[in-house]
Each structure stands twice: as structure tokens, then as C-alpha cells.
Amino acid sequence: MIKNQVSIQGKFQYRLIGWKYSAGIRFLLFFALTLLLYFALMHKVVPETYDIRLGSINEKDILAPGPIPDAVATEKAKEEAAQKVQPVYQIVSLKNEGLIEAIFEKLTQLNGDAEVTPADKVNIYRTILPTIKTDFEEKQLRSLAGSGQYADALLQEIRKKLREQEYRIPEEAFYKLPRLTAEDLATMEPVAIDIVRRLMNDQLLDAQTAWAKTAELVNASTLTKSVNRELVQEIIRFSITPNKFFDQKGTDEAKGHARDNVKPVMIDKNEVLVKKGEPITEELYQKLKSLDLLKEDSNYAPQIGLLLLVSLFSGALYMFVRQSRLPINHNNSQLIMLLLIFIINIAGMRIITLGQSLDYPYIGFLAPTALGAMLITILLEENIAFISSVIFSALASVIYNVDHSQLFDYRYGLVTLVTSLAAMFSIQRASQRLTILRAGMMVSLFGLLAIASLLLLDDHFTKKDAIFALSFAVAGGIITSVFVIGLLPFFEIAFGILSPLKLVELSNPNHPLLRKLLTETPGTYHHSVMVGNLAEAAAEAIGADGLLCRVGSYYHDIGKTKRPNYFIENQTNIENPHDRIDPALSKSIIIAHARDGVEMLKEYNMPKSLRDIAEQHHGTTLLQYFYHKAKKQAEEAGEGKEVLEEDFRYPGPKAQSKEAAIVGIADCIEAAVRSLRNPTVEQIDSMVRKIIKNRLDDGQFNECDLTLKELDQIAKTLNETLLGIFHSRIEYPSEVPQQKTTAKGELT
């Protein structure tokens, strides 16, 4: 039975993950893209006609151009706007700390009266405490009513909520209250007042939320006696009341403002010529016929032709996606992102068509048609952006075509292609958000040039046409950059895309984690910067993501900020604490920095790629120093206890990507070379190759796709970079004899 359950769970999890790589899902996504392109062009390519006979009853509304106010829709919009208004609440504080003072005053007075028996005190407290609270609340409500700031309905709502959320002190508490001494009450009162004041500073729609926090706050107070803590909790809960109340009058006023702010709904470009269910008279029939709205003969040629056209577009895009070197060639998640970019770009193009009925020539040039090309270039790659630009240019030439004598208006297609290509080449290797603005300016510039060439080639253009066309080109480039800046974070978060722009932002030294690393562990910070330089150079040498390696290196040892003094690069003028503790404990502290780093990165919502580097940069390598130290201690103790190598390895996982493996190599090499006092060229080269070989022999690269050729190139690049770093300190064999060095990479 258990086995079957495990099998079912495994299949379910596989299906959840498997959709990303499912061929069926991939087919559906391209089919959805084909439908998107079809419906985007259908209103322009396929003329809408109606199959109507004289004397028949119309089956649907028939519309014609013409902006007309729609009173019914306007009223509906007003009602919807009013319904969307959130309830209005008023914050009314009753100064509950005054109630605390009144309660403790009565407790001090009655407990100090020796003539009253404890049993009588219990009965008195059972009745007097609710009376004190009721009197206090009524006094506060009368004060609020006298101020004239609050409506009667609100005061009634306050009174109602106070009664509904009244806290009842447990019966056993009344028997404990008479036992409180004057000293107990004196220590309890300030604690109660402070906690009540803190809790009432929050907006309390339901007092129970504050009641739930009381125990924690009381336990953290200075009260030591358990009875005092128990009773002060009950007094605090008894004194806490809601302070956020529903305001009916304010809500009604807000709804009224929402209704008044609704603009009249217009029937843009259309008016109802024939209503549904209306008989077709001779007059209506002739009117529809004069507008070419009648379907004389069924003709499906335009639909078939459009379907073939958009299928060609989808097929071309599929071939480019298939040849891509990015995960999009097999990852449906990124394909969904591409489809979403198409939807957004086409939606922007269609929105601009709403203004074509206005007296603004060439308003189609205002559309941010280069938006899709720019986003695809940043988030995916240039090849897919290129074919997408071609598709967008074809779409624009159809969508903005107002001359029905031809299918395509080449002017819009040409301008779209030029601006999209300009956006592609301007945004490549973008490292700042400012780069997007510059790309938007390039879109405007090349749009101006393309439109100017078209205007000069056309002898019939007017001055008004030129002004509008050129102005729209400038505005279109600016709009494109603004939308890209706004949409880019959404795609980065929603699809886990770590763009170069995001990486550069994360490399800013003012980032809270990097500032923490610099101020608390300056040695580790310097080490991380050096590792970043090495890793970036090595990654770029083999075609990996150098920027990701550099930024990942900055954060790979962030976990060391939890226990900075246990890592050698931070031990300035202090004793090494590992000399005084057990090797097993040292091992636990050292390997914990990878796990701690991942947790800190998660806390700051850092991208998964950076978390993976922090977690995987040590893989399952052995902490040799502490392993041999533990073996030596075991041998000296003579207990015969076996020290297992597995107990002194990092928990992993091993590097899953080239970037994580490169950071791990650079991390170990930087620490090793730094341990050399006067490194020579031969020492550096020998150490670099030895470290890489040891990791290779240890199987640390088994789960990533690094090749032996790439490892050799990494070694050469690291040697060259290290020579540049240590050029002023390297001693050559002809000058100084080679020295024997050791590296304790475990402490880095």
C-alpha cells in the first residue's frame, strides 16, 4: 500500500515538473501562438459580413462606425465602480491605558483593605471590574460624541463592537487577584500599561489578534512571578478593545465619489445599426447593402489564406527556437514567456489602432512595436528577437493598414523592422537600466530616419503628416523604453530570468548583503571580490556566463557573516579559535557557511542561480585539514576509533552548472595562492592544475557539463589572471629558490 502511494506521488510530481518539457504542451503553445496571430489579423484581413434576408429577424447586433455615448453601460460602470470601493474604516483610540490605571487603583485599594475577606474580594472583583470597564468606555464615547468629529452611526458601531468583543476574565483569576500584594501590583501596573499602549498602536479590527500576542509580550517583560504574569495577561486582555471601526457614512461618500468620477462610456468607432431581434425592413436592407455588410456568397478563401500566413510565422519562429542554445529549445516555461511577450506587443499595437479613427495621421508610428524585440533580446537571445522582429513588422503592416485596396502597408512594416533591429543592437549586453533608455532613444532616432525616408519618397505628404509622423516616432521610442523598464522586473521574477541588468544591480556594493559582508567580514569580502575577478575571466574564456560568475562569487561566502572569526581571512590579530575546539566541531562550523549563505539569500529573495552557487561551490569536497587533525587526535588517544572521510565532507550538492563549478575552482585557487608568501610562476601554475585535477579526480564535476578541454582553458585563464594580480610580488626561479607551500582551503 505504501509503495503504491509513493509511486502515485512520484508520478504526480513528475507530471508537475514534466509539463515544462512535454512535447504535447509545446505543440499547444505554438498552436496558441498561431491562434493569437490569426485573431490579431482577422479583423483586418477577413471582412465581417452578415447573412441577412429581407423580412427576416436579425440574430445579432450590427455595428457601424461612430462614437456614441452608452447610457446603460455608463450606469453599469458607475455601479461597478461603486462596488469596487473598499469599506471605509475609522481609527478611534479609547486610551485604554487609562482603564489599566483605574483597574490597578481599585486592586490596590481593595487588596489593602484588611477588613474585607478574600471571599468578599472575589465577589467584588467579579462585579466591579466589568463595571469599571463599562463606565470607562461610556465616558470615552460621550467624549467622542461631544467632540462632534464622529457621526452617530459610527458611535453606535463602536458601542456594538465593544460589546461583541468583550473579554471575559476566567473565574479562577478572580480567586487569585486578592492574593496580590502592593509590591506585586506596583510592578505589574507599568508592564500592563506599556503592553496595552504597544498593542493599541496597531490597527485592531478584531481584538483577538492583540489578545493572542499578550502572552508573548508578558513573558518577555520584567515580571518574574508566574502568578503575576498570568494575572497581568488577563488584565491586559480585559483592557484591550478594537480601535478600527466600519464607517458607513464614509463608505457611502466614497462610493458616491467613485460614481461621479466615472466617465461616460462611448461606443468607439461603432454604433448599433440593427439591433438583435429587429425585423429587417427594406430601408435597413438597403442601408446594409450600401455599406457592403451583406454576405452574398460564402467565401472562406480569406480565412484559409490567413491561417496559412500565420502558420508560416509560427513555423519560422519554431525553427529559430529549436536552434537556440538557451533552455527555450526544450523548456516550455520560457516558451510561455515568449508567448506572453507576443501577447503584450500585439496588445500594444491593437490599442493604438483605437486612435486611427481620430484625425491623427500615421498614429500607428506611436505604437511601441520594438517592445517585443527589446524584451526578447534581454531575456532570451538575438536570433529569436530577429525572427520576432520580422513577424512584428508583418503584423504592423496589416494591423495599421487603412487602405483596403492592398493587404500590407509597407510603411508601417518597414518602420517596425528598422526600429526593432535598432532596439536589438542597442540593448545587447545591457548592464544598466539607463541602457534601456538609450536604446529607446536609438529606436526614436532610427524611426525618424525611416519615416523621413518614406516621406521624402512620397510626393503627396503634407506638412501636417510629416509633423505627426515624426512626433509619433519620437514618442514611440520613449514609450517603448518606459514599458520595457516596467515589464522587465515582472518577467525576471515570474519566470526566474536573471538578466544582465538584474545581475549588475545585485553587484552594487550598497546592496544590504554586500554591505554586511564588507563591514562584518572584510577579509571575506576581499576574498569574494578576488574570486569574482578570477571566475569571470575563466567563465568568459569557455563561453559561460561571466557576469553570473562574478556576482555569484560576491555572494558565495555570505554565510561566513554568521561566524566570521572562524574563517582564516577574518582572523586579524586574533587567535585561531579552531586551535581550541574539536575538529568535528570545526568541521560543522566550516561547512555550515554554505547552508547559512543559502538561507540568507532566500531571506533576501535572491535569485535561485545565486543561491545555487552559494550552495554548490564546495560540492562534496573533503576538509582535509580537519580530517587529518581528527585522525591524528584519534591515533594519539589510542581509542581505535575510526575517523571516516565521509564525516568531513561538505554535504553538497555537487556543482550542477558550469558557473557553480568555476566559482568553486576560483574560490579554492584564490585561497591557496593567497597562502603563498612569495608565489612563483611555476608554483601558481602547479597549484592551479593540482586543484583542478584533485576536484576532477574527486568527481566534483560529474554533475555539470564541463569538458576536459574547458578545464584546461580555465586553468590557463586563471594562471594569466593570477599573474596579473600577483605580478608585483611574484619571484621567478632564477632569482629566488622555489619554496614549498601548503594551502588550507578548508578555512576559506
Side-chain angles (χ1 to χ4, degrees), residues 20-21 26 29-30 33 313-346 368-395 416-433 435-436 438-440 442-443 480-481 483-485 487-505 536 539-552 607-609 657-659 705 710:
K20 290 186 177 181
Y21 311 100
R26 199 165 191 78
L29 290 175
F30 275 102
L33 175 64
F313 290 159
S314 297
L317 185 62
Y318 169 75
M319 296 305 298
F320 275 81
V321 168
R322 185 180 178 182
Q323 298 298 322
S324 174
R325 294 172 297 175
L326 297 180
I328 192 174
N329 66 3
H330 60 272
N331 189 334
N332 293 332
S333 176
Q334 291 197 3
L335 189 58
I336 291 175
M337 180 178 68
L338 179 63
L339 179 60
L340 185 58
I341 293 174
F342 265 77
I343 292 173
I344 292 173
N345 208 53
I346 293 174
T369 51
L371 169 67
M374 200 177 293
L375 285 173
I376 295 171
T377 303
I378 297 173
L379 299 172
L380 294 171
E381 66 177 7
E382 298 82 8
N383 290 338
I384 298 178
F386 173 77
I387 187 60
S388 299
S389 299
V390 174
I391 295 174
F392 291 142
S393 65
L395 294 177
T416 298
L417 183 61
V418 169
T419 55
S420 296
L421 294 178
M424 281 177 50
F425 290 107
S426 302
I427 207 66
Q428 285 185 7
R429 299 185 180 275
S431 59
Q432 303 178 43
R433 302 287 173 184
T435 308
I436 299 178
R438 285 198 288 262
M442 295 300 294
V443 169
T480 299
S481 60
F483 274 109
V484 170
I485 293 174
L487 290 170
L488 194 56
F490 162 76
F491 285 102
E492 289 174 345
I493 296 173
F495 295 94
I497 300 295
L498 195 55
S499 67
L501 295 169
K502 183 67 174 178
L503 282 172
V504 171
E505 288 180 357
E536 183 178 29
E540 290 180 350
I542 65 169
D545 193 337
L547 184 58
L548 174 59
C549 285
R550 175 159 65 89
V551 179
K608 186 177 183 302
S609 298
S657 64
K658 291 183 179 181
E659 289 75 16
D705 52 355
E710 289 173 335

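Just the heavy atoms: all of them, side chains too, but no hydrogens, waters or symmetry mates, feed the values below.
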Worksheet item: Nearest heavy-atom pair of Ser389 and Ala373: which atoms, and what distance?
Response: OG-CB, 3.3 Å

Worksheet item: Is there a side-chain contact between Leu488 and Leu379, using heavy atoms and a 4.5 Å cut-off?
Response: yes

Discussion item. If you define the side chain from C-beta out and look only at heavy atoms, does anything of Leu375 sit under 4.5 Å from Ile344?
Written reply: no

Response to the item:
Interatomic distance, CZ@Phe313 vs CD1@Ile391, rounded to 0.5 Å, equals 6.5 Å

Discussion item. For Asn383 and Gln323: C-alpha separation, side-chain torsions, deciding distance, then whether side-chain contact (heavy atoms from CB on, under 4.5 Å) applies.
Written reply: CA-CA 9 Å; Asn383 290 338; Gln323 298 298 322; over 6 Å; no

Practice prompt. Measure the shortest side-chain to side-chain distance between Thr419 and Thr480 over non-hydrogen atoms and say whether it is less than 4.5 angstrom.
Written response: no

Item to complete: Mark yes or no for whether Glu659, through its side chain, and Asp545, through its backbone, hold a donor-acceptor pair below 3.5 Å.
Response: yes

Practice prompt. Calculate, to the nearest 0.5 Å, the distance between atoms OG and CE belonging to Ser481 and Met374 respectively.
Written response: 6.5 Å

Practice prompt. Answer whether the closest heavy-atom distance between the side chains of Phe386 and Leu421 falls below 4.5 Å.
Written response: yes

Response to the item:
In short, ring-ring contact (aromatic ring centres under 6.0 Å, His included) pairs touching residues 320-341 with sequence neighbours left out are Tyr21-His330

Practice prompt. Would you indicate whether the side-chain heavy atoms of Leu395 and Asn345 approach each other to under 4.5 Å?
Written response: no

Discussion item. Would you say that more than 12 heavy atoms from the other residues, nucleotides or ligands in this model lie under 6.0 Å from the CZ of Phe495, or not?
Written reply: yes

Worksheet item: Of the options Leu380, Ile384, Leu339, which is the one that meets Gln334 in a side-chain contact (heavy atoms from CB on, under 4.5 Å)?
Response: Leu380

Discussion item. If I compare all heavy atoms of Glu540 with all of Gly546, which pair ends up nearest, and what's the gap?
Written reply: CG-CA, 4.0 Å

Response to the item:
In this structure, CG of Leu33 is separated from CD1 of Ile346 (nearest 0.5 Å) by 7.5 Å

Item to complete: Determine the minimum heavy-atom distance between Ile341 and Gly372, stating which atoms define it.
Response: CG2-CA, 3.7 Å

Worksheet item: Hey, what do you get for OH (Tyr318) to CG (Leu29), rounding to the nearest 0.5 Å?
Response: 12.5 Å

Item to complete: Kindly give the heavy-atom pair with the smallest separation between Ser426 and Thr435, and that separation in Å.
Response: O-CG2, 4.1 Å

Discussion item. So, taking the atom named CD in Glu710 and the one named CG in Asp705, what distance separates them when rounded to the nearest 0.5 Å?
Written reply: 7.0 Å

Worksheet entry | Close side-chain approach of Ile427 and Val484, heavy atoms under 4.5 Å | no

Discussion item. If I take atom CG from residue Leu335 and atom CZ from residue Phe30, how far apart are they, to the nearest 0.5 angstrom?
Written reply: 4.5 Å

Item to complete: Output yes when a side-chain donor or acceptor of Ser393 lies under 3.5 Å from a complementary backbone atom of Val390, and no otherwise.
Response: yes

Worksheet item: Who passes side chain to side chain donor-acceptor pair (under 3.5 Å) against Ser314, sequence neighbours left out?
Response: Thr34

Worksheet item: Please walk me through it: do Ser324 and Glu381 pass side-chain hydrogen bond (donor to acceptor under 3.5 Å, both in side chains)?
Response: CA-CA 8 Å; Ser324 174; Glu381 66 177 7; 2.9 Å; yes

Worksheet entry | side-chain contact (heavy atoms from CB on, under 4.5 Å) assessment of Val504 paired with Val551 | CA-CA 8 Å; Val504 171; Val551 179; over 6 Å; no

